[in-house]
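Below is one structure; the comments refer to it alone.
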Number of protein chains: 2
Amino acid sequence: MARLGKRGRLPGIVDVAERAKVSPATVSRYFNDPDIVRYRTRERIRKAVEDLGYVRNRAMRSMVGGATGSIGLVIPTIDNAIFSEMLQAFSSALATHGRTMLIAAHGYDLAREAVLVHSLSEQRVDALALIGLEHRPETLAQIERQGIPAAMLWNYRPDQDWPCIGFDNELAGRLAAEHLLALGHRDILFATAEERSNDRAADRRRGALDAVRGAGLPVPEGRRIVCPYDIRMSKELIAGTLRAGDRPSAIFAGNDVIAQGALFAATSLGIRVPDDLSVIGIGDFRGSDAFEPGLTTVRIPARRIGQLAADALVETIDWPEADFHHEHCCPLELIVRGTCGSPSAAG
Amino acid sequence: MARLGKRGRLPGIVDVAERAKVSPATVSRYFNDPDIVRYRTRERIRKAVEDLGYVRNRAMRSMVGGATGSIGLVIPTIDNAIFSEMLQAFSSALATHGRTMLIAAHGYDLAREAVLVHSLSEQRVDALALIGLEHRPETLAQIERQGIPAAMLWNYRPDQDWPCIGFDNELAGRLAAEHLLALGHRDILFATAEERSNDRAADRRRGALDAVRGAGLPVPEGRRIVCPYDIRMSKELIAGTLRAGDRPSAIFAGNDVIAQGALFAATSLGIRVPDDLSVIGIGDFRGSDAFEPGLTTVRIPARRIGQLAADALVETIDWPEADFHHEHCCPLELIVRGTCGSPSAAG
DNA sequence: AACGGGTTTGCAAATGTTTTCATAACCATC
DNA sequence: GATGGTTATGAAAACATTTGCAAACCCGTT
């Protein structure tokens with residue numbers, strides 16, 4: 001059971017002080033700036049801390065103007081390959097800075113996002129990271145009013161009001177589409193994610209469509225389907241479209257999960273990739289390179305975004321005065337593997 | 001910028017009190033037990049809170065003996081399909097209870113796990129969830145000394161000292177192996193995860209090996225390889241083994257990621273599944289059903305574990321006296337899809 | 001108008017830590 | 001052994017909230 005201090009609670013700084021025969025102030029200094037306490041005293045305190053099993057209390061420290069040491073991350077969803085790499089990088093970068101990560105998922109619901117931001121404010125997070133650039137006004141108002149350092153992740157557009165660290169989703173869409181166009185595709189199926197509450201998905205599709213229309217090609221309504229971020233469901237939806245007689249020569253997938261679904265759909269229908277059908281994704285998730293053939297995709301520097309975001313936020317916390325320009329538009333890279341080829345003569 | 005209260009900081013409960021012309025105590029009651037404050041007063045406070053943009057401060061509340069409202073989860077890794085479903089369920093179940101989730105990953109390093117537990121103790125989490133049953137003594141000592149309610153997740157063995165919510169990993173291994181045996185396989189390759197700091201992986205392999213040896217079959221050293229939880233690397237390792245002349249008739253994969261790697265390895269070598277090679281996994285991750293053919297596997301009730309764990313911990317926090325018996329051994333289910341068949345006559 | 005009972009509110013103490021300012025201890029030098 | 005200059009420590013205030021206790025209030029009865 002819990003070892004109790006004098007007052008029946010967990011041992012506090014004053015219990016340690018008593019035992020080490022010093023004042024609480026000295027114990028505080030022992031932790032926050034050990035060098036200014038004499039060696040002999042330090043040893044006595046060290047021993048007392050060890051005997052009592054004292055653990056510092058960050059909640060209390062935050063009272064006197066200190067920080068809580070926890071940083072909030074508000075994310076659409078956790079159980080998805082999309083963000084988990086970034087999450088991991090963010091989390092471990094924070095750990096190296098001695099911070100911990102409070103995380104909350106809103107399930108692509110911006111109204112819920114506002115609630116989560118409020119809840120994280122109650123926890124007095126030292127900083128906040130949100131995904132995407134579009135948020136409810138009350139969400140942003142809350143953050144501003146509380147004066148919480150914040151950054152918007154994953155999407156990048158120039159001239160934003162908030163620090164943003166991400167990449168150009170429109171460009172990602174364009175790069176993928178242009179690759180298909182360059183290979184000679186003229187009939188492309190656009191399988192993209194639901195765009196409500198998801199500016200990233202919207203930007204990608206816009207980029208892709210702009211490229212195609214810029215090439216003077218039409219994009220009929222029937223060539224656009226909305227897929228969830230789920231391999232199984234994407235597979236079924238895309239298979240449904242492919243089964244119809246008039247088959248596109250290529251599929252532009254809003255992300256790798258959808259692309260993987262497309263690949264399986266093709267396999268299940270006996271359609272050869274890339275001979276009879278080309279597929280391109282966005283993301284380059286772990287595992288996309290293992291497919292047979294390997295998925296051609298646009299690589300998103302997920303780990304880098306997580307790392308940069310953590311560093312940026314900690315920097316802002318530690319030097320509140322300095323007005324850093326935390327804007328990073330991470331470079332994208334087209335990864336050509338085996339799922340894209342020129343359209344067959346038949347197509 | 002941040003809207004400041006009278007004392008230059010964020011508005012506090014006393015700023016609200018002043019503005020509503022009541023005492024701080026009443027404001028406190030307004031939040032914690034609204035019914036005991038009169039309607040007229042309540043309205044005045046509501047207005048003051050709104051005007052000032054006051055946000056309650058959980059860290060402060062915890063001072064007077066209250067809870068911080070955050071629950072810690074210590075996990076081997078985030079960026080992996082393995083845990084993310086559980087994570088999501090855990091997180092959203094906590095949210096419905098008005099709690100937030102502090103999460104930290106140790107990268108399958110139990111020494112680091114101890115550090116993380118200490119760090120979470122400093123944050124005064126109300127409860128703690130760890131993955132697996134084996135932990136450093138100092139980790140457990142820390143939790144006990146601090147009196148933090150804790151639960152061990154993901155693995156289940158009877159008669160544990162700690163509440164545990166998970167499933168029988170040994171049984172999972174046995175179920176998978178027995179399925180292969182029942183189909184007539186006699187030469188099985190065991191592709192399992194590194195077992196240091198991973199009791200789940202060890203239990204699964206033990207279960208599988210026991211089943212095979214119980215059937216009187218040998219398991220030569222060459223039929224056991226260690227794979228990381230990574231599709232690409234698993235694919236390469238397994239392809240290396242399959243390329244060797246003497247090929248097994250089936251692969252037992254320690255989890256679905258490894259199994260997926262095996263499937264791609266087979267495809268890349270032109271080995272037909274299930275005709276020339278059977279593959280079975282453990283986990284039934286999202287997407288495993290989309291493979292062609294669908295992956296035969298043992299389903300782990302990941303979401304259920306997350307949900308149960310969250311409920312159990314919150315229950316323990318809210319009724320510290322009651323001595324709940326929080327032990328759940330979630331049932332497993334063999335999911336037969338298309339990757340397992342009888343060994344070909346040639347095998 | 002005084003009374004009575006329940007409901008609502010205020011006062012003040014308590015919580016664990018940091019921090020400012022003042023004092024005490026130390027050490028080298030004369 | 002007195003002096004002066006560091007350096008190390010202590011006392012007390014401050015932080016934002018909750019809570020036990022007591023006082024004030026309200027409203028219907030006498």
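Quantities reported herein were computed from a predicted structural model and do not represent experimental measurements. The sequence lines fix the lettering, A, B, ..., with proteins before strands; numbering per chain opens at 1.
- For the pair A:Arg42 (side chain) and A:Val37 (backbone), a donor-acceptor distance under 3.5 Å is present.
- Atom CD1 in B:Ile36 sits roughly 15 Å away from atom C1' in D:dC25 (whole-Å rounding).
- Residue-level contact check: B:Met63 touches the bases, meaning some heavy atom is under 4.0 Å from a base atom.
- If you measure from atom CZ of B:Arg61 to atom P of D:dT19, you get 10 Å, rounded to the nearest angstrom.
- In this structure, A:Glu134 pairs ionically with A:Arg157, as a charged nitrogen and a carboxylate oxygen lie closer than 4.0 Å.
- In this structure, B:Arg42 and B:Met60 both approach DNA chain C, and ranking their closest nucleotides by distance from the 5' end singles out B:Arg42.
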Which parts of nucleotides 22-28 of chain C does protein reach within less than 4.0 Å, heavy atoms only, written one letter per nucleotide 5' to 3' as B for base, S for sugar-phosphate only and - for none?
-> ----S--
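- Side-chain atoms of A:Asp311 and A:His97 form a donor-acceptor pair, as typed in the model, at a separation below 3.5 Å.
- One atom, CZ of B:Arg58, and another, P of D:dC15, lie 24 Å apart when rounded to the nearest Å.
- Ion pairing between B:Glu85 and B:Arg303 holds under the 4.0 Å rule for side-chain N and carboxylate O.
- Taking 4.0 angstrom as the limit, B:Tyr39 places none of its side-chain polar atoms (N or O) nearer than this to OP1 or OP2 of C:dT7.
- Contact check on B:Glu138 versus B:Arg145 returns no salt bridge, with no Lys/Arg side-chain nitrogen under 4.0 Å from an Asp/Glu carboxylate oxygen.
- Between A:Lys47 and A:Asp51, at least one side-chain N (NZ, or NE/NH1/NH2) sits under 4.0 Å from a carboxylate O, which counts as a salt bridge.
- Side-chain atoms of B:Thr41 lie closest to C:dT9 of the nucleotides C:dT15, C:dT9, D:dA8.
- The aromatic rings of A:Tyr54 and A:Phe31 lie tilted to each other, with the angle between the two planes from 30° to 60°.
- A salt bridge does not link B:Arg40 with B:Glu43: every distance from a Lys NZ or Arg NE/NH1/NH2 to an Asp or Glu carboxylate oxygen is 4.0 Å or more.
- Going from atom CG of A:Asn57 over to atom P of C:dT18 covers 9 Å, rounded to whole Å.
- Proximity of residues 21-31 of chain A to DNA chain D (heavy atom under 4.0 angstrom from any strand atom) is restricted to A:Lys21, A:Val22, A:Ser23, A:Ala25, A:Thr26, A:Arg29.
- In this structure, B:Asn32 atom CG and D:dT18 atom P are separated by 5 Å, rounded to whole Å.
- Between A:Asp126 and A:Arg58 there is no salt bridge, since no side-chain N of the basic residue sits under 4.0 Å from a carboxylate O of the acidic one.
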